Q: 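The structure's right below; bear with me while I get my questions together.
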Amino acid sequence: MGRKVFVSYKHSDNNVEFLRDFGSTARAYVDYLIEHRLHDEIYKGEGDEDISHFRDDTIKTHLKTKIHDSSITIVLISPGMKNPHQMEADQWIPWEVSYSLKEITRSDKLSHTNGILAIVLPDQYGSYDYYITQPCSVCKTRQFGVKKLFQILQDNMFNSKDKSEIQGHCPSCNSTFYRGGHSYIESVKWLDFLSNKDHYLDRAANIRDDRKSYNIVKEVKNGW
């Protein structure tokens, strides 16, 4: 049986690369996933229905049902996913991530903490440099622009309880880096995910099953 997958994303973000036959918004990438990569999974996200005209409480009830019945949440990282003029607690992605991480009983059924995977979409120029860079030619360590993300995503990255065994230092660029697993929410480029979807979903599920090894933050903070 396929995994139950929910996708969290900024629907109207058009700061992403044009996807042939689908469009140039984050929603276009969701449509591509549904048609070409998640067909053997059980997709629990919003479908073609338009719920934008409903009140926020009605939308939340609709989404709670879908998230509650999922086991993995995919978060699409895109350049314009954050609204800098709105409190994070009032934006959908942080709320969806928070709800995915909680253990909640609905209709006498307890949901467990979801595994979460961050998929980084290419910007309108086809680049991932707005979030992932590899500046050092010696250690070849990738650097992630986590400060650009919502706080609840930041808090659940590099949050392994025991970093001492996976931490290193590069004398060339004078920076600290981590080997192997270190984040409850790991990041992967869009094209890398497409080439090895099962590996990354299995990885998210395995991390979820080992969640006691991470300092998981489940609440959205009232910040910008």
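The structure presented is a predicted model; accordingly, all values stated were derived computationally and were not measured.
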Q: Any chain of hydrophobic side-chain contacts (each under 4.5 Å) joining Phe18 to Val120?
A: no
Q: Any carboxylate oxygen within less than 4.0 angstrom of a Lys/Arg side-chain nitrogen, looking at Lys102 and Glu219?
A: yes
Q: Could you pull out the closest heavy-atom pair between Asp13 and Pro79, with the gap in Å?
A: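 Smallest interatomic distance, heavy atoms only, reads OD2-N, 3.6 Å.
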Q: Going by heavy atoms in the side chains, are Glu88 and Gln151 under 4.5 Å from each other?
A: yes
Q: I need the full list of ring-ring contact (aromatic ring centres under 6.0 Å, His included) pairs touching residues 98-130, with sequence neighbours left out, sorted by first then second residue.
A: Trp95-Tyr99
Q: Got Ile207 and Asp210 here, is their nearest side-chain heavy-atom distance under 4.5 Å?
A: no
Q: Output the distance between atom CG (Asn215) and atom NZ (Lys161), rounded to the nearest 0.5 Å.
A: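 Reported to 0.5 Å precision, the distance equals 5.5 Å.
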Q: Check whether any side-chain heavy atom of Ile67 sits under 4.5 Å from a side-chain heavy atom of Glu96, and report yes or no.
A: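 Yes. Closest side-chain heavy atoms under 4.5 Å.
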Q: Got a second to check how far Met157's CE is from Ser183's OG, nearest 0.5 Å?
A: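 Answer for the CE-OG pair, Met157 versus Ser183, is 6.5 Å.
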Q: Which heavy atom of Leu149 sits nearest to which heavy atom of Gln154, and what is that distance?
A: O-NE2, 2.9 Å
Q: Decide side-chain contact (heavy atoms from CB on, under 4.5 Å) for Leu153 and Asp155; before the verdict, give the C-alpha distance in whole Å, the side-chain angles of both, and the deciding distance to 0.1 Å.
A: CA-CA 5 Å; Leu153 293 174; Asp155 290 341; over 6 Å; no
Q: Taking the side chain as every heavy atom from C-beta outward, state whether Lys189 and Ile132 have any pair of such atoms under 4.5 Å apart.
A: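 Side-chain contact under 4.5 Å: yes.
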Q: Could you tell me if the side chain of Phe150 sits less than 4.5 Å from the side chain of Val220, heavy atoms only?
A: no
Q: Would you name the heavy atoms of Met81 and Ile93 that are closest together and state the gap between them?
A: CE-CD1, 3.8 Å
Q: Please lay out, stage by stage, how Arg203 and Glu186 fare under the test salt bridge (charged side-chain N to carboxylate O under 4.0 Å, His left out).
A: CA-CA 9 Å; Arg203 174 72 182 160; Glu186 294 192 333; 3.0 Å; yes
Q: Following the transitive rule for hydrophobic clusters with a side-chain heavy-atom cut-off under 4.5 Å over Ile, Leu, Val, Met, Phe, Trp and Tyr, establish whether Phe158 and Val217 coincide in one cluster.
A: no
Q: Are the ring centres of Phe22 and His36 closer than 6.0 Å?
A: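 Centroid separation for Phe22 and His36: below 6.0 Å.
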Q: Roughly how far apart are Asn14 CG and Ser78 OG, rounded to 0.5 Å?
A: 9.5 Å
Q: Go through Asn15 and Asp123 one step at a time and tell me if the side-chain contact (heavy atoms from CB on, under 4.5 Å) criterion holds.
A: CA-CA 6 Å; Asn15 299 294; Asp123 66 16; 5.9 Å; no
Q: Taking all atoms of both residues into account, what is the closest heavy-atom pair of Glu103 and Leu110, and its distance?
A: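 Taking Glu103 first and Leu110 second, the nearest heavy atoms are C-CD1, 4.0 Å.
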Q: Please lay out, stage by stage, how Leu101 and Asn114 fare under the test side-chain contact (heavy atoms from CB on, under 4.5 Å).
A: CA-CA 6 Å; Leu101 290 169; Asn114 274 16; over 6 Å; no
Q: Nearest 0.5 angstrom please: Glu41 CD to Ile74 CD1, how far?
A: 8.5 Å
Q: What heavy-atom pair brings Ser187 and Arg142 nearest, and what distance separates the two atoms?
A: O-NH2, 4.3 Å
Q: Among pairs that include at least one residue of residues 188-219, which meet ring-ring contact (aromatic ring centres under 6.0 Å, His included), considering only residues two or more places apart or in two chains?
A: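 Every ring-ring contact (aromatic ring centres under 6.0 Å, His included) pair that includes a residue of residues 188-219, provided the two are not neighbours, is Tyr29-Trp190, Tyr32-Trp190, Tyr184-Tyr214.
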Q: When you compare the side chain of Lys221 with that of Ile152, does any pair of heavy atoms fall below 4.5 Å?
A: no
Q: Among Ile42, Leu201, Leu38, which residue satisfies the side chain to side chain contact (heavy atoms under 4.5 Å, CB included) criterion with Arg3?
A: Leu201
Q: Does some side-chain heavy atom of Ile116 sit less than 4.5 Å from a side-chain heavy atom of Ser100?
A: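 With C-beta onward as the side chain, the pair touches.
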Q: To check you understand the geometry: which heavy-atom pair defines the closest contact between Leu76 and Ala26, and what is its length?
A: CD1-O, 4.0 Å
Q: I'd like to know whether Asp192 forms a salt bridge (charged side-chain N to carboxylate O under 4.0 Å, His left out) with Lys197, so could you lay out the CA-CA distance, the side-chain angles of the two residues, the decisive distance to 0.1 Å, and finally the verdict.
A: CA-CA 8 Å; Asp192 290 339; Lys197 180 258 298 184; over 6 Å; no
Q: Please evaluate residues Arg106 and Ile104 with respect to the criterion side-chain contact (heavy atoms from CB on, under 4.5 Å), reporting the C-alpha separation (whole Å), side-chain torsions for both, the decisive distance (0.1 Å), and the verdict.
A: CA-CA 6 Å; Arg106 285 172 58 86; Ile104 296 174; 4.2 Å; yes
Q: Indicate yes or no: at least one non-hydrogen side-chain atom of Ile72 is less than 4.5 angstrom from one of Phe6.
A: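 No, too far: nothing below the 4.5 Å cut-off.
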